[in-house]
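Atoms within a ligand are numbered from 1 in the order they appear, just like the ligands themselves. Along the sequence shown, the residues carry numbers beginning at 1.
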Amino acid sequence: MTLDDLMFKSGLLAGRRYLVTGGGSGLGRVMSEALLLLGAKVYICGRRAPVVEQSAQELMHQHGGSVVAKTCDIRHEEQIVAMLDEIWADGGALDGLVNNAAGNFVSRTEDLSMRAFDAIANIVFRGSFAMTLHCGKRWLAEGKAASVLSILTTWVWNGSAFTVPSVMSKSGLHAMTQSLAVEWAGRGIRFNAIAPGLFPTEGMSARLNPGGGEHKAKGNPMDRNGRMPELANLAVYLLGPGSEYVNGQTIAVDGAQFQATGGNFSALSAWGDEEWRRARDSIAGRDAQDRRMRSEG
Ligand code: HXC
């Protein structure tokens, strides 16, 4: 991505500082890159130290500016508090938080254990709330204006078979966005969310398209997937100056996939035991690879 891919003037975010959870890979990295290109200092956190550190180095090498990598598992409150202490010590209050870190995999709900539910809910639902709470307490105490952006999915409006822990968790964040938008509006903190359509990333395709092959939004009325700058532009708009009156909204960027098809995984109803076994094996392989990177850190 270059500045020319974005619809904003150079230096729009100069002097601002943002934290992007899960900013070392996937959509989080894309949004971090856009914030950096527009002059912000960006903190990226993730569970895998090599991934966040390498991404920070690559982004700074490509674009200059400042990206700070933090290793943090948002399932652990004490890691969040320690990270925010360091970030606040590094230059005061953040201007915004992007709740992007997530976990998800396709599975028949009857095949899940409670540990499987917790693996997802503790990242998406509980972890994003903890991030929001600990940033919020600091902003409120300091009277600092800030913008919180959460990355959701269109399923928050219609549910999604075969990804029930994810859709329950993301729906909770949709409710958080609406609720805190009101509760903290008078104190300068606003909340919005993006419901992206299909912007395939490597980690997501490994878990949501485990059969491999082209990962394309079937039935999309624009007959294509999303392009990363299309997501990044909306993220910058919601986080940056000029959109202050936009508050409490979850906005889809999906080429009208949701209106056309519901945008969820209902098509997997056609899978039988064999397809589900293959999917699970494939996802397990990818998870093992991620765990190795976490232990290296
Ligand atoms: C059933 C599964 C399973 C599967 C794991 N489990 N994969 N159950 N089917 N395919 C179960 C395990 O058996 C175990 O339960 C429990 O889940 C915890 O598994 P762990 O591997 O120990 O968990 P952990 O290492 O913490 O990994 C967390 C994770 C993993 C969520 C499972 O996928 C992950 O780290 N993902 C991060 C990246 C990611 O998911 N990206 C995609 C995001 S896409 P038992 O009972 O056996 O111990 C997204 C929205 C997309 O969020 C929107 C698209 C439009």
Would Val30 end up clustered with Val68 when hydrophobic side chains under 4.5 Å apart are linked, directly or stepwise?
no
Could you tell me the separation between the [atom1] atom of [X] and the [atom2] atom of [Y], rounded to the nearest 0.5 Å?
X: Met60; Y: Ser55; atom1: CE; atom2: OG; value: 10.5 Å
X: Leu19; Y: Leu94; atom1: CG; atom2: CG; value: 6.0 Å
X: Leu152; Y: Asn99; atom1: CG; atom2: CG; value: 9.0 Å
X: Thr21; Y: Asn100; atom1: OG1; atom2: CG; value: 5.0 Å

Would one find an N or O of [X], backbone or side chain, under 3.5 Å from an N or O of ligand 1?
X: Asp290; result: no
X: Asp287; result: yes
X: Asn104; result: yes
X: Asp111; result: no

Side chain proximity check, Ile283 to Val106, heavy atoms < 4.5 angstrom:
yes
Side chain to side chain, Ile87 and Arg17, heavy atoms closer than 4.5 Å
yes
Of all the atoms in ligand 1, which lie at a distance below 4.0 Å from a heavy atom belonging to [X]?
X: Ser107; answer: 1 (C), 9 (N)
X: Gly103; answer: 31 (C), 36 (N), 37 (C), 39 (C), 40 (O)
X: Trp155; answer: 53 (C), 54 (C), 55 (C)
X: Ala119; answer: 18 (C)
X: Arg291; answer: 20 (P), 21 (O), 22 (O), 25 (O)
X: Thr153; answer: 53 (C)

Mark the output for Leu208 as yes if a heavy-atom distance to ligand 1 is under 4.0 Å, and as no if none is.
yes
Please check if the side chain of Ser147 supplies one atom and the backbone of Leu238 the other of a donor-acceptor pair under 3.5 Å.
yes
Going by the 4.0 angstrom heavy-atom rule, the piece of Asp118 near ligand 1 is neither
Region of Met114 that comes within reach of ligand 1 [heavy atoms, distance under 4.0 Å]
neither
I'd like to know whether the aromatic ring centres of Phe265 and Trp271 sit less than 6.0 Å apart in this structure.
no
Counting heavy atoms only, which of [options] is nearest [atom]?
atom: atom 35 (O) of ligand 1; options: Arg47, Met204, Glu202; result: Arg47
atom: atom 52 (O) of ligand 1; options: Ser25, Ser113, Ala102; result: Ala102
atom: atom 26 (O) of ligand 1; options: Arg115, Arg75, Arg207, Arg48; result: Arg75

Return the closest protein heavy atom for [atom] as residue, atom name and distance.
atom: atom 1 (C) of ligand 1; answer: Arg280 NH1, 3.0 Å
atom: atom 32 (C) of ligand 1; answer: Phe105 CE2, 3.6 Å
atom: atom 24 (P) of ligand 1; answer: Arg294 NH2, 4.0 Å

Here the side-chain hydrogen bond (donor to acceptor under 3.5 Å, both in side chains) pairs for residues 178-195, sequence neighbours left out, are Arg190-Ser243
If you scan the protein for heavy atoms around atom 11 (C) of ligand 1, do you find one that is closer than 4.0 Å?
yes
Any non-hydrogen protein atom below 4.0 Å of atom 48 (O) of ligand 1?
yes
With sequence neighbours excluded, residues passing ring-ring contact (aromatic ring centres under 6.0 Å, His included) with Phe258:
Trp157
Taking NZ, NE, NH1 and NH2 as the nitrogens, is one of them in Asp90 or Lys41 under 4.0 Å from a carboxylate oxygen of the other?
yes
Side-chain ion pair, Arg280 and Asp287, N-O less than 4.0 Å:
no
